[in-house]
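All residue numbers refer to positions in the sequence shown, counting from 1.
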Amino acid sequence: MTDGPEYDVDFRANPERYEIGRGEEGVFKIEPYKSELLDLWGYADRETADEAGEKIYGKYREYRENDDFPGMDMARKYLQMGYTRAMRYARYPGGQKYEDGEERDPEHWADHDKREAALVYEVWWETVEDDERYQELRERHRERHG
């Protein structure tokens with residue numbers, strides 16, 4: 001995925017234009033999902049992650065009920081991003097991996113609240129990844145749309 005006019009697309013109306021991409025690619029650009037998911041997402045601590053994970057997973061279930069694979073995958077990406085962002089803050093003070101242009105050594109655990117949030121998101125993320133319906137629709141999307 002690249003920056004450009006393709007992000008002017010309503011991916012719910014045009015699911016064939018959705019590219020799965022790598023990792024969390026597109027989370028801040030793919031509409032209408034960004035508008036539906038971003039405000040639900042947070043990772044300050046375990047409580048925030050519990051609430052956010054539950055809400056995002058609720059949206060995932062809605063998308064699943066409607067066979068909306070781009071929505072399902074975007075919800076998965078937000079859960080994954082909750083894990084990766086929280087873990088970065090858990091391991092690096094202030095979330096900063098680099099200092100003076102060089103990668104810092106990670107700490108175990110620089111921020112225990114963020115570690116707890118990461119562990120919560122990890123469970124939600126794995127729940128989606130392990131969902132047979134998600135796997136089926138992902139494979140079907142790849143076969144049909146690359």
Side-chain angles (χ1 to χ4, degrees), residues 1-4 6-7 9-98 103-146:
M1 289 182 204
T2 60
D3 289 327
E6 65 273 17
Y7 288 112
V9 172
D10 175 336
F11 287 92
R12 178 172 293 126
N14 299 281
E16 72 283 355
R17 305 261 322 261
Y18 178 74
E19 296 176 25
I20 296 170
R22 293 178 32 179
E24 302 151 20
E25 214 169 30
V27 292
F28 298 121
K29 297 180 179 182
I30 302 294
E31 291 289 3
Y33 310 107
K34 176 194 127 184
S35 294
E36 296 171 357
L37 297 167
L38 182 58
D39 288 345
L40 306 177
W41 181 75
Y43 59 93
D45 53 30
R46 179 182 194 91
E47 184 178 334
T48 301
D50 275 332
E51 183 177 314
E54 189 170 328
K55 287 179 180 177
I56 293 168
Y57 187 72
K59 292 298 290 180
Y60 169 81
R61 289 174 49 121
E62 270 182 48
Y63 301 141
R64 185 181 190 272
E65 288 172 17
N66 294 310
D67 285 340
D68 180 351
F69 176 73
M72 292 168 67
D73 197 49
M74 289 300 293
R76 187 260 318 154
K77 289 180 181 202
Y78 273 88
L79 296 170
Q80 180 178 351
M81 185 170 64
Y83 171 79
T84 58
R85 296 290 161 84
M87 191 57 82
R88 180 186 308 157
Y89 279 84
R91 299 188 73 200
Y92 298 95
Q96 301 298 314
K97 264 179 99 168
Y98 298 91
E103 190 167 343
R104 301 161 93 174
D105 290 329
E107 296 180 21
H108 289 75
W109 297 103
D111 186 325
H112 290 280
D113 286 339
K114 298 296 188 289
R115 168 107 170 105
E116 290 294 315
L119 295 175
V120 167
Y121 270 113
E122 185 176 35
V123 172
W124 289 113
W125 175 25
E126 288 175 354
T127 300
V128 169
E129 288 277 353
D130 292 342
D131 179 20
E132 288 181 20
R133 186 70 181 140
Y134 172 78
Q135 294 169 12
E136 290 168 16
L137 291 178
R138 180 181 58 203
E139 192 55 39
R140 185 169 79 189
H141 189 83
R142 283 186 174 142
E143 288 170 5
R144 291 182 180 173
H145 311 296

Work out which heavy atom in Y121 is nearest to a heavy atom in L79; give both atom names and the distance. CD2-O, 3.5 Å

Tell me, do P15 and H145 make a side-chain contact under 4.5 Å, heavy atoms counted? no

Would you mind reporting whether T127 and Y57 have side-chain heavy atoms less than 4.5 Å apart? yes

How long is the straight-line distance from CD of E132 back to CG of L137, given to the nearest 0.5 Å? 12.0 Å

Would you name the heavy atoms of G71 and Y33 that are closest together and state the gap between them? CA-CE2, 3.3 Å

Salt bridge (Lys or Arg N to Asp or Glu O under 4.0 Å) pairs, two or more places apart, involving residues 118-131: R64-D131, R76-E129, E129-R138

Return the set of residues passing side-chain contact (heavy atoms from CB on, under 4.5 Å) with E139 (not counting sequence neighbours), or none when no residue passes. E143

Tell me which donor-acceptor pairs under 3.5 Å the side chains of residues 35-47 have, and how far apart each pair is, sequence neighbours excluded?
from, atom 1, to, atom 2, distance (Å)
S35, OG, E31, OE1, 2.8
S35, OG, E31, OE2, 3.0
E36, OE1, R12, NH2, 2.8
E36, OE1, Y63, OH, 2.5
E36, OE2, R12, NH1, 3.0
E36, OE2, R12, NH2, 3.1
W41, NE1, Y78, O, 3.3
D45, OD1, E47, N, 3.3
D45, OD1, T48, N, 2.8
D45, OD1, T48, OG1, 2.9
R46, NH1, E116, OE1, 2.8

Going by atom types alone, do D68 and Y18 pair a side-chain donor with an acceptor below 3.5 Å? no

Of all residues at least two apart in sequence or in a different chain, which pass the side-chain contact (heavy atoms from CB on, under 4.5 Å) check with E65? none

What's the shortest heavy-atom distance between D50 and W124, and which atoms? O-NE1, 4.3 Å

With heavy-atom distances below 4.5 Å as the criterion, would you say the side chains of R85 and K114 are in contact? no

Please name all residues satisfying salt bridge (Lys or Arg N to Asp or Glu O under 4.0 Å) with E54, sequence neighbours left out, ordered by chain then number. none

Can you confirm whether R61 is buried at CZ, in the sense that more than 12 heavy atoms of other residues, nucleotides or ligands lie under 6.0 Å from that atom? no

Could you measure the distance from the CE atom of M74 to the CD atom of E24? Nearest 0.5 Å is fine. 10.5 Å

Any donor-acceptor pair under 3.5 Å linking the side chain of N14 with the backbone of R17? no

Please determine, by modelled atom types, if Y134 and D73 share a side-chain donor-acceptor pair under 3.5 angstrom. yes

For a quick test of reading the model, state the closest non-hydrogen atom pair linking G23 to K77 and the distance between them. O-CG, 3.5 Å

Flag, side chain of K97 to backbone of R91, donor-acceptor distance under 3.5 Å: no

Within the 4.5 Å heavy-atom criterion, are F69 and I20 side-chain neighbours or not? yes

Kindly write out the residues that satisfy ring-ring contact (aromatic ring centres under 6.0 Å, His included) with Y83, not counting sequence neighbours, or none if the list is empty. W125

